[in-house]
Amino acid sequence: MLIKFPFDSFRPVAGEASIDIDKPIHEVFSFIGEHFFDNYPKWAQEVVEFEPLDGKQVFVGAKAKQVRKDSGAEVESVFEITEYQPFKLIFQGLTAPYRHSYLLENGKEAEPTRLTFRFELLELEVFMRPFEKLIRAAIEEGAENTVENIKNLISAECN
């Protein structure tokens, strides 16, 4: 007899946040995408150690190692850039099940650039599923902090 649980450990838990940045889209993408390996540790303040593994050039397949301090514990992971094109950067954990997406868009030339950041925890251990709502709330708060940090850094560096 097959036992069916009311939850799926492979269903992602995700959070997303968007913000408008009063800079041209190419400046915002330069900061986030082209200079990712220099700037990521600046906006990801929970990262305590960071090392690009393939040099500082950004390309699909480039890898990096990071150590994050999450709730007092240090968590090490390696990730790989899986998508890199104008106005879009996505990387995914190789040693842990997560994905970060940075998407940029704008309307007319005079309008601000819209940054959307999405974090997905691609798997959640079965014993953690009862805490899914709390985990999602923490992810959403982290996504809000990420877009705010990026906006503040870009505004400070480009002035």
Mind listing the closest non-hydrogen atom pair of [X] and [Y] along with its distance?
X      : Y      : result
Glu76  : Thr95  : O-OG1, 4.4 Å
Leu103 : Lys88  : CD2-CG, 3.4 Å
Gly55  : Pro52  : O-CB, 3.3 Å
Phe117 : Val147 : CB-CG1, 3.6 Å
Val58  : Gly33  : CG2-O, 3.3 Å
Phe37  : Lys56  : CD1-O, 3.4 Å

Look only at the side chain of Asn39 and the backbone of Phe31, and say whether a donor-acceptor pair between them is shorter than 3.5 Å.
->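 Judged by distance alone, yes, a pair lies under 3.5 Å.
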Can you find a heavy atom in the side chain of Glu49 that is under 4.5 Å from one in the side chain of Glu51?
->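 No - every pair of side-chain heavy atoms lies 4.5 Å or more apart.
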Minimum side-chain heavy-atom gap Thr113-Asp20 below 4.5 Å =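 The answer is no; the side chains never approach within 4.5 Å.
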Proximity of Phe36 and Phe91 rings by center, below 6.0 Å =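 Between Phe36 and Phe91, the centre distance is under 6.0 Å.
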Do Tyr84 and Phe59 have ring centres separated by under 6.0 Å?
->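 Here the rings of Phe59 and Tyr84 have centres that are no less than 6.0 Å from each other.
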Distance-only criterion, 3.5 Å: show the donor-acceptor pairs between side-chain atoms of residues 134-145 and protein atoms not counting sequence neighbours.
unit_1	atom_1	unit_2	atom_2	d
Arg136	NH2	Glu132	OE2	3.0
Asn145	ND2	Glu141	O	3.4

Under 3.5 Å side-chain donor-acceptor pair for Tyr98 and Ser77 |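 Yes, Ser77 and Tyr98 have a side-chain donor paired with an acceptor closer than 3.5 Å.
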Salt bridge check: are Arg68 and Glu46 linked by an N-O gap of less than 4.0 Å?
->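 Salt bridge flag = yes for Glu46 with Arg68.
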